[in-house]
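Data block below; observations after.
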Amino acid sequence: MKLTVLGCYGPYPKAGGACSGYLIEDENTKILIDCGNGVLSKLLTICNDLNKLDAIILSHLHPDHMSDLMVLRYAIYIKQMLGRMERSIPLYLPANPQEDYERIQYNGVFTRNIIHDATEININNMRITFRKTNHPIECYAMAFEKNGKKFVYSGDTKYFDGLIDFIRGSNLFLCEANILHKDLTDNVPHLSAKQASEIALNANVKRMILTHFLPDINTLDIANEAKEVFPYILEMAEEGKCYFI
Ligand SMILES: [Zn+2]
Ligand SMILES: [Zn+2]
């Protein structure tokens, strides 16, 4: 599998950057994970033909994970009208908040499939499973498994023990680390770099990429905090960069 980071900021981007968006591919599959602001433009630079997208999966419906979906639906609709796309795109997402869920559909451009805790789907023999996270709105971490390899994306979350079991056995863990531990309060619905590292360490995962950076925090500080806990392969997500699993 190949992971391309399209956007790695949240809940707003730095200048020239994009919020959450990732493309996971293998030889015959392309799946867009999250579609935050700025992601469509970045996606089109590496996948100009939207017919090639097998599916879109949204971890949750916060704007930094789905706002470009509202623009992507115009692109799909217009391409359908011009005869350049025939099918709707399968979209997997939580059904809450209901108002946001209802707003997404537009002239039938998406085939919506609702994610629940422990949902399991199969796209071109890629097995995808979900685990509900601890976030103010319904949100899911997701695991992608194919040919004996496992990749897990945390979605957005506060610390919860269940994430450790869910990521166990993964070859690569893409985890949000939005904040430094010293700034973490009960009101922050995210993981600190320290917490992300502790989760990976406790699950015996040996390779982690941190993401969902707050533009006001230096990612070097995030990296240094994580390194104090996590002794294995650690990278900071970079937009446009590919990672092989
Ligand atoms: Zn977010
Ligand atoms: Zn969120």
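Counting starts at 1 for both ligands and their atoms, following the listed order. Remember, it's a predicted structure, so these values are computed and weren't measured experimentally.
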Flag the pair [X] and [Y] as a salt bridge only when some basic side-chain nitrogen lies within less than 4.0 angstrom of an acidic carboxylate oxygen.
X    : Y    : value
E145 : R127 : yes
K194 : E198 : yes
E138 : K132 : no

Do [X] and [Y] have side-chain N/O donor and acceptor atoms under 3.5 Å apart?
X   : Y    : result
T4  : Y243 : no
H62 : D156 : no
S20 : D34  : no

**Message:** Considering the Zn ion (ligand 2), could you give the total of protein N/O/S atoms lying closer than 2.8 Å?
**Reply:**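 Atoms of protein N, O or S type lying less than 2.8 Å from the Zn ion (ligand 2) total 4.
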